[in-house]
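Pasting a structure here, questions to come.
The chains referred to below are lettered A, B, ... by the order of the sequence lines, with proteins before strands, and numbering in each begins at 1. All values below come from the heavy atoms of this structure, side chains included, with hydrogens, waters and symmetry mates left out. These figures come from a predicted structure and were not determined experimentally.
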There are 2 protein chains.
Amino acid sequence: MQEPTFLILTALAAEPCHGYGVIQAVEALSEGDVRLRPGTLYGALDRLTEQGLVEVDREEAVDGRLRRYYRLTSSGTAALAQQVARMRRHADAAELRLRPA
Amino acid sequence: MQEPTFLILTALAAEPCHGYGVIQAVEALSEGDVRLRPGTLYGALDRLTEQGLVEVDREEAVDGRLRRYYRLTSSGTAALAQQVARMRRHADAAELRLRPA
DNA sequence: TCGACATATATCGTCAACCGTAGTATATCG
DNA sequence: CGATATACTACGGTTGACGATATATGTCGA
């Protein structure tokens, strides 16, 4: 799993969110480091939906604009948790080699 | 930076190592999870060399077989350390959203 | 009032990176 | 004498991220 995908799942972990909201959430939680482009976001959202990690929560019409909310599935929550563990293991391993005992 | 690339840098962080040794080191430090294929490894090594994160340490001939050792450059060490920090930040952010206060 | 900007999503083409497979070559062990 | 371990090279395919563009509406400032 790559960084943008991970951050999208993270953004959706707290509560359902629509596409544009995910872009903002990711920028906020990465402290401005990661700015998702529409191409990346909607591509990833489609892919994650197909994989069953994410699903459409509801659709709202706000000011005539469609707003589609997505949420994590239980499968998505599990995948995210697993990825967190994996990243921590790898970060620990790297740090150990960077700062030898 | 993707996972295989990160693990290759990690493997080289402790001491210079040749290609095949990196494959084994990565398998060991990921607890058997990640088995690098030659295509992935040597492609990444070439790319990292071009980027100045890695350089050839020395070449040895062992039993008529070439053995090319690579080592991290200071640039590579810095990149790895930066990536560790980034991963920790993201892992923390994800965990916060997975287990709300 | 007119343009810039924020909100929201859709789509398309491209490229980097990873991946699998196969090939070459030698040494060792059963 | 075949299997396995060591060690690198080469090629082709797929995925995922990316940039750019398009569409549409509302708001705010000059």
Side-chain angles (χ1 to χ4, degrees), chain A residues 1-12 16-28 30 32-71 76 79 83 86 90, chain B residues 1-12 16-28 30 32-54 56-70 76 79 83 86 90:
Chain A
M1 186 186 301
Q2 294 193 32
E3 195 178 74
T5 303
F6 177 83
L7 292 171
I8 290 169
L9 293 183
T10 298
L12 292 173
C17 192
H18 61 283
Y20 196 81
V22 170
I23 291 181
Q24 295 171 311
V26 165
E27 186 170 349
S30 71
D33 270 15
V34 182
R35 287 187 185 196
L36 254 33
R37 313 284 162 180
T40 304
L41 174 73
Y42 294 105
L45 245 22
D46 288 348
R47 191 170 14 92
L48 291 169
T49 301
E50 238 175 87
Q51 294 171 351
L53 303 186
V54 149
E55 63 192 359
V56 174
D57 184 64
R58 66 188 188 279
E59 289 185 351
E60 280 178 13
V62 179
D63 296 324
R65 283 194 296 273
L66 182 69
R67 203 184 259 184
R68 184 148 45 229
Y69 284 78
Y70 292 88
R71 66 163 168 259
Q83 187 62 20
R86 190 187 184 89
H90 290 170
Chain B
M1 184 189 301
Q2 295 193 28
E3 195 178 75
T5 303
F6 177 84
L7 292 171
I8 289 168
L9 292 183
T10 299
L12 292 173
C17 194
H18 60 283
Y20 196 82
V22 170
I23 292 180
Q24 295 172 308
V26 165
E27 185 169 351
S30 71
D33 271 14
V34 183
R35 288 188 183 194
L36 255 33
R37 312 285 161 177
T40 304
L41 175 73
Y42 294 106
L45 245 20
D46 288 348
R47 192 170 13 95
L48 291 168
T49 301
E50 239 174 87
Q51 293 172 351
L53 303 186
V54 149
V56 173
D57 185 64
R58 66 188 188 278
E59 291 185 347
E60 282 178 13
V62 179
D63 295 325
R65 285 192 295 273
L66 182 67
R67 203 185 259 184
R68 185 150 43 230
Y69 283 78
Y70 293 88
Q83 186 62 21
R86 189 187 185 90
H90 291 171

- prompt: Does A:Thr5 put a side-chain nitrogen or oxygen below 4.0 Å from OP1 or OP2 of D:dA17?
  reply: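 Checking D:dA17 against A:Thr5, a side-chain N or O does come within under 4.0 Å of OP1 or OP2.
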message: Can you list, in residue-number order, the parts of residues 16-24 of chain A that come under 4.0 Å of DNA chain C, counting heavy atoms only?
response: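 Contacts with DNA chain C under 4.0 Å: A:His18, A:Gly19, A:Tyr20, A:Gln24.
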field: Value rounded to 0.5 Å, distance of CG in B:Leu7 from CD1 in B:Ile23
entry: 12.5 Å
- prompt: Who pairs with B:His18 by side chain to side chain contact (heavy atoms under 4.5 Å, CB included), at least two apart in sequence or on another chain?
  reply: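 Listed in chain order: B:Tyr20, B:Arg67, B:Tyr69.
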task: Please name the pair of heavy atoms, one in A:Pro16 and one in A:Arg58, separated by the smallest distance, quoted to 0.1 Å.
output: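 Result for this residue pair: CB-NH1, 4.4 Å.
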query: When the distance from CD of A:Gln2 to P of C:dC19 is rounded to whole Å, what number comes out?
result: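 Roughly 10 Å, once rounded to whole Å.
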field: Nearest-Å distance for atom pair CG/P, residues B:Leu66 and D:dA10
entry: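 Taking atom P of D:dA10 as the reference, CG of B:Leu66 is at 12 Å.
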task: Grab the CE-P distance between B:Met1 and D:dA17 for me, whole Å please.
output: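 Those two atoms, CE and P, are 16 Å apart.
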task: Verify the contact: side-chain N or O of B:Tyr42 to OP1 or OP2 of D:dT9, cut-off strictly under 4.0 Å; return yes or no.
output: no
task: Round to the nearest Å and state the distance from A:Tyr69 atom OH to C:dT7 atom C1'.
output: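 Rounded to the whole Å, the gap is 12 Å.
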Approximate separation, where rounding is to 0.5 Å, of A:Ser30 OG and B:Arg86 CZ: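 Here the rounded value is 7.5 Å.
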query: What integer distance in Å separates B:Leu36:CG from D:dT6:P?
result: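 Those two atoms, CG and P, are 15 Å apart.
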- request: Kindly indicate whether the side chain of A:Thr5, heavy atoms from C-beta on, has any atom under 4.5 Å from the side chain of A:Gln83.
  value: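 Of all side-chain heavy-atom pairs linking A:Gln83 with A:Thr5, none is under 4.5 Å.
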CD-CD1 distance between B:Gln2 and B:Ile8, expressed to the nearest 0.5 angstrom: 11.0 Å
query: Paired with C:dA17: which nucleotide, if any, by Watson-Crick or G-U wobble criteria at under 3.5 Å for both distances?
result: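 With both distances under 3.5 Å, C:dA17 matches D:dT14.
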field: Distance test, side-chain N/O of B:Arg68 to OP1/OP2 of D:dT9, below 4.0 Å
entry: yes
query: Just how far, in rounded Å, is P of D:dC18 from CZ of A:Arg47?
result: 11 Å
query: Are side-chain heavy atoms of B:Arg68 and B:Val56 found at a separation under 4.5 Å?
result: yes
query: Out of A:Leu48, A:Val54, A:Val22, which one pairs with A:Tyr70 under the side-chain contact (heavy atoms from CB on, under 4.5 Å) rule?
result: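 Exactly one candidate clears the test, A:Val54.
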statement: From CG of B:Leu9 across to P of C:dA17 the rounded distance in Å is 13 Å
query: What is the minimum heavy-atom distance between A:Leu45 and A:Gly19, and which atoms define it?
result: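 Answer, listing the atom of A:Leu45 first, then A:Gly19: CD2-CA, 4.5 Å.
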task: Indicate for each nucleotide in nucleotides 20-27 of chain C, in 5' to 3' sequence, whether protein heavy atoms under 4.0 Å reach the base (B), only the sugar-phosphate (S), or nothing (-).
output: BBB---BS
- prompt: Could you give the CG-to-C1' distance, from B:Leu41 to C:dC19, as a whole number of Å?
  reply: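 After rounding, the gap between these two atoms is 13 Å.
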